[in-house]
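Data block below; observations after.
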Amino acid sequence: QVQLVESGGGLVQAGGSLRLSCADSGRTFGLYSMGWFRQAPGKEREFVAAITWSGGNTFYADSVKGRATISRGNAKTTVYLQMNNLRPEDTAVYYCAAGSPSSIRGAEQSQLGYNYWGQGTQVTVSS
């Protein structure tokens, strides 16, 4: 059973950095693709970044490209999202999600293929 727990959110000034972590307490998502999504107040949840189960491919939303890096831990049971040069518009609840390759089907940017979701971690960027 995949059980995702996010951490690392908080309050940061514009221009600052945060590293979000997503751990699988069930230690089973090594073979899953992982994604980060975010939802700002009054807005729909949107894609941020994703990484395939092997870590060989990464994907980023245009809004964070060049400022975000997604990576997997050596044991592949933790996924990180390093966010640099944060902007007030990055303020949102950030969710990690896991999906099997058969569910994702190459569409890492779509929420539809992700089977498991964490509870989210709040990121607030002050101007």
Side-chain angles (χ1 to χ4, degrees):
Q1 181 72 19
V2 176
Q3 297 176 332
L4 305 179
V5 180
E6 302 99 334
S7 62
L11 174 64
V12 63
Q13 289 188 329
S17 299
L18 280 177
R19 189 176 81 156
L20 306 182
S21 300
C22 175
D24 171 25
S25 60
R27 297 188 174 274
T28 57
F29 75 35
L31 296 180
Y32 286 73
S33 291
M34 301 297 299
W36 284 96
F37 293 80
R38 67 186 182 186
Q39 187 167 22
K43 295 187 177 181
E44 294 186 352
R45 190 161 57 187
E46 64 177 7
F47 170 76
V48 178
I51 188 168
T52 53
W53 71 270
S54 65
N57 291 297
T58 57
F59 309 84
Y60 297 95
D62 288 342
S63 58
V64 302
K65 202 169 290 183
R67 301 187 297 121
T69 302
I70 187 170
S71 61
R72 302 189 79 124
N74 289 336
K76 292 187 169 57
T77 56
T78 304
V79 174
Y80 305 99
L81 181 68
Q82 176 71 41
M83 295 281 291
N84 300 321
N85 192 22
L86 284 159
R87 305 167 180 169
E89 53 264 38
D90 293 318
T91 295
V93 178
Y94 284 70
Y95 299 90
C96 74
S100 65
S102 61
S103 178
I104 296 289
R105 297 184 180 183
E108 280 80 4
Q109 299 185 24
S110 171
Q111 302 180 45
L112 298 177
Y114 291 89
N115 312 103
Y116 304 96
W117 293 81
Q119 293 299 307
T121 185
Q122 176 71 47
V123 171
T124 302
V125 184
S126 63
S127 56

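Taking the side chain as every heavy atom from C-beta outward, Trp53 and Arg72 approach each other to under 4.5 Å. The closest side-chain heavy-atom distance from Gln122 to Thr91 is below 4.5 Å. Side-chain contact between Tyr60 and Ile70: present, with at least one pair of heavy atoms (C-beta onward) separated by less than 4.5 Å. For the pair Arg67 and Asp90, the minimum side-chain heavy-atom distance is below 4.5 Å. Considering only heavy atoms from C-beta on, Trp36 comes within 4.5 Å of Cys22 through its side chain.
Look at Asp62 and Lys65 and you find a salt bridge, because one of the NZ, NE, NH1 or NH2 atoms lies within 4.0 Å of a carboxylate O, short of that distance.
Counting only distance, with no hydrogens or angles, the side chain of Gln111 and the backbone of Arg45 share a donor-acceptor pair below 3.5 Å. For Asp24 (side chain) and Leu4 (main-chain N/O), no donor-acceptor pair under 3.5 Å exists by modelled atom type. Using modelled atom types, no side-chain atom of Thr58 and backbone atom of Ile51 make a donor-acceptor pair closer than 3.5 Å. Here the side chain of Ser21 pairs no donor or acceptor atom with the backbone of Gly8 at under 3.5 angstrom.
Closest of all the heavy-atom pairs between Ser100 and Asn115 is N-OD1, 3.2 Å. In plain terms, the two heavy atoms of Ser33 and Glu108 that are nearest each other are OG-OE2, 4.1 Å. Closest non-hydrogen pair, Gly120 versus Glu6, comes out as N-OE1, 2.8 Å.
Distance check: Asn85 CG to Ser17 OG gives 8.0 Å after rounding to the nearest 0.5 Å.
Taking hydrophobic clusters as Ile, Leu, Val, Met, Phe, Trp and Tyr residues chained together by side-chain heavy-atom distances below 4.5 Å, Leu20 does not share a cluster with Tyr80.
Every side chain to side chain contact (heavy atoms under 4.5 Å, CB included) that Val12 has, sequence neighbours left out, goes to Leu18, Leu86, Val125.
Side-chain heavy-atom separations under 4.5 angstrom define the hydrophobic clusters, and the remaining members of the one that includes Phe59 are Phe37, Phe47, Val93, Tyr95, Ile104, Tyr114, Trp117.
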